[in-house]
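The structure under discussion appears below in the form of structure tokens.
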2 protein chains.
Amino acid sequence: MYVTSPIGIFEHSEIRLPHFVEAETAKHSHFSTAEAGHRMFCEGDDAIYIYEILEGVVRTSKLLFDGRRQILSFGYPGDLVGLSHDCFYHSDCEAVCDVKLRVHHKNACHASIESEPEFAKKLLKFAASEVNNMQEHFIMLGRKSATEKVASFLLTLLDRVGEPKNCKTCFDLPMCRSDIADFLGLTIETISRTLTKLREDGVIELPKKHRVHVCNVPGLRALAERA
Amino acid sequence: MYVTSPIGIFEHSEIRLPHFVEAETAKHSHFSTAEAGHRMFCEGDDAIYIYEILEGVVRTSKLLFDGRRQILSFGYPGDLVGLSHDCFYHSDCEAVCDVKLRVHHKNACHASIESEPEFAKKLLKFAASEVNNMQEHFIMLGRKSATEKVASFLLTLLDRVGEPKNCKTCFDLPMCRSDIADFLGLTIETISRTLTKLREDGVIELPKKHRVHVCNVPGLRALAERA
DNA sequence: ATTCGTTCTTGATGTCGATCAACCAGATCC
DNA sequence: GGATCTGGTTGATCGACATCAAGAACGAAT
């Protein structure tokens, strides 16, 4: 679920959810879509569904009383959003672009846990790895400079959805600058300036506002830990 | 496990671990102690044990290549540290003061999960609530000012371990200023200055360096969200 | 009590990123 | 085409917190 993940949890491991949930929850799950900008759930809503992202990207966020926003995660295909320890969602969730979803009933998951201890262990493993990814993001928010934050963010996307083209690695940046800013604890101006700086230094190209070509991966990696 | 938690997970809920683990893991768990400053485990070590804090406080942290540190959590009595999704710890863990622990073998927990679906559900609930607490801390690190951070931190400790005395609420601050700084993404100087400011404003008293008396709880609460 | 070492506090100065403000590029509409 | 709107860029200035530096408070050892 967290873009901060170095690898997609479900994509590259044996715990890809559909496979395990299928048996018990298929009859209780359904497919759905959401248009760009659509709010899937709000903080405080009854947490009845667990959403599995099939296509597109969603963002989860929390608001402060005065409107300040922190984006908690970007959900990419293979990710889960909407897990709750009580019966309420603790964040908002919106579609960043058009998304395709698989919607699982919470109760069906609970049933699976009881009938299949293996499933429980894997869900637990998923949760623990979420915790781990979030811990990485703690360092990001608490101790990294603006350049390091942006470089780290681009690297995470590169590792997760980058496609090699010639000698470059390319990917879309579906979220707007203010989403990135609220994810990294910065302002849109700082995001813009930092991206410009990376472009001027020849580390990346920005053919379109929402498209990134990384020309110098080692350079970007160095900036992520050093600048 | 996270001081960011408004209430102790195990303290106030039905999922206090010893009760549930007892049956299956008692024979595999043992009691232990660690002195102030002792390192319980390092990032990268084999994650064989899950530690339950019985007395005292521990800190988990991650280091950046150049020594910058982020404290991920302070573990108070009732908390668990050392859960891992693979077989390795992903943070360091040290005793902030002398601590008493109960040490559970990872394998015993796994066995319990298989034999007791209820246990699995509760452990999962615990993990999900960890995620939730961490999300709160994201806002803290990404979007709050120094004053808001310190006030929020003190409030969390107050809610968790505060003892009413006369018209004040009192608690120990077992960690040093640099621990607080690395937890909140600030410097020791800023922590010190902010505490001094709170003292000068009559919100708190600092009878000793590691002791806090909160004189004006609503005032502190206001600062946590407003300043 | 004296010394030493560590941690904390306080002050002076610096800097990174925020804020304020103007402009620009696309998209949509007529 | 021009008008308008939204999101992104760029520049000038400001301020919150970091950094650098000196001292104070406290405990431990002698």
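Proteins come first, then strands; the chains are lettered A, B, ... in the order of their sequence lines, and each starts at number 1.
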- Note on the structure: Rounding to 0.5 Å, atoms CD (A:E94) and CD (A:E35) come to a distance of 14.5 Å
How many whole angstroms separate atom [atom1] of [X] from atom [atom2] of [N]?
| X | N | atom1 | atom2 | result |
| --- | --- | --- | --- | --- |
| A:I180 | D:dT9 | CD1 | P | 9 Å |
| B:K208 | C:dT6 | NZ | P | 21 Å |
| B:R211 | D:dC26 | CZ | P | 16 Å |
| B:L173 | D:dC26 | CG | P | 16 Å |
| A:K209 | C:dC24 | NZ | P | 13 Å |

- Would you say a side-chain N or O of B:S178 is under 4.0 Å from OP1 or OP2 of C:dT7? no
- Message: Please confirm whether the shortest side-chain N or O distance from A:H210 to OP1 or OP2 of D:dG8 is below 4.0 Å.
- Response: yes
- Task: Evaluate the ring planes of B:H85 and B:H90, with Trp represented by its six-membered ring, and classify them as parallel (under 30°), tilted (30 to 60°) or perpendicular (over 60°).
- Result: parallel
Can you list, pair by pair, the side-chain donor-acceptor contacts under 3.5 Å of residues 198-208 of chain B, counting residues two or more places apart and other chains?
{"unit_1": "B:D201", "atom_1": "OD2", "unit_2": "B:K197", "atom_2": "NZ", "d": "3.0"}
{"unit_1": "B:E205", "atom_1": "OE1", "unit_2": "B:K168", "atom_2": "NZ", "d": "3.1"}
{"unit_1": "B:E205", "atom_1": "OE2", "unit_2": "B:K168", "atom_2": "NZ", "d": "3.4"}

- Message: If you take the centroid of each ring, where Trp contributes its six-membered ring, are B:Y49 and B:H104 closer together than 6.0 Å?
- Response: no
- Item | B:H137 side chain near B:F183 side chain, heavy-atom distance below 4.5 Å | yes
- Reading 5' to 3' through nucleotides 15-20 of chain C, protein heavy-atom contacts under 4.0 Å coded B for base, S for sugar-phosphate only, - for none: --SSBB
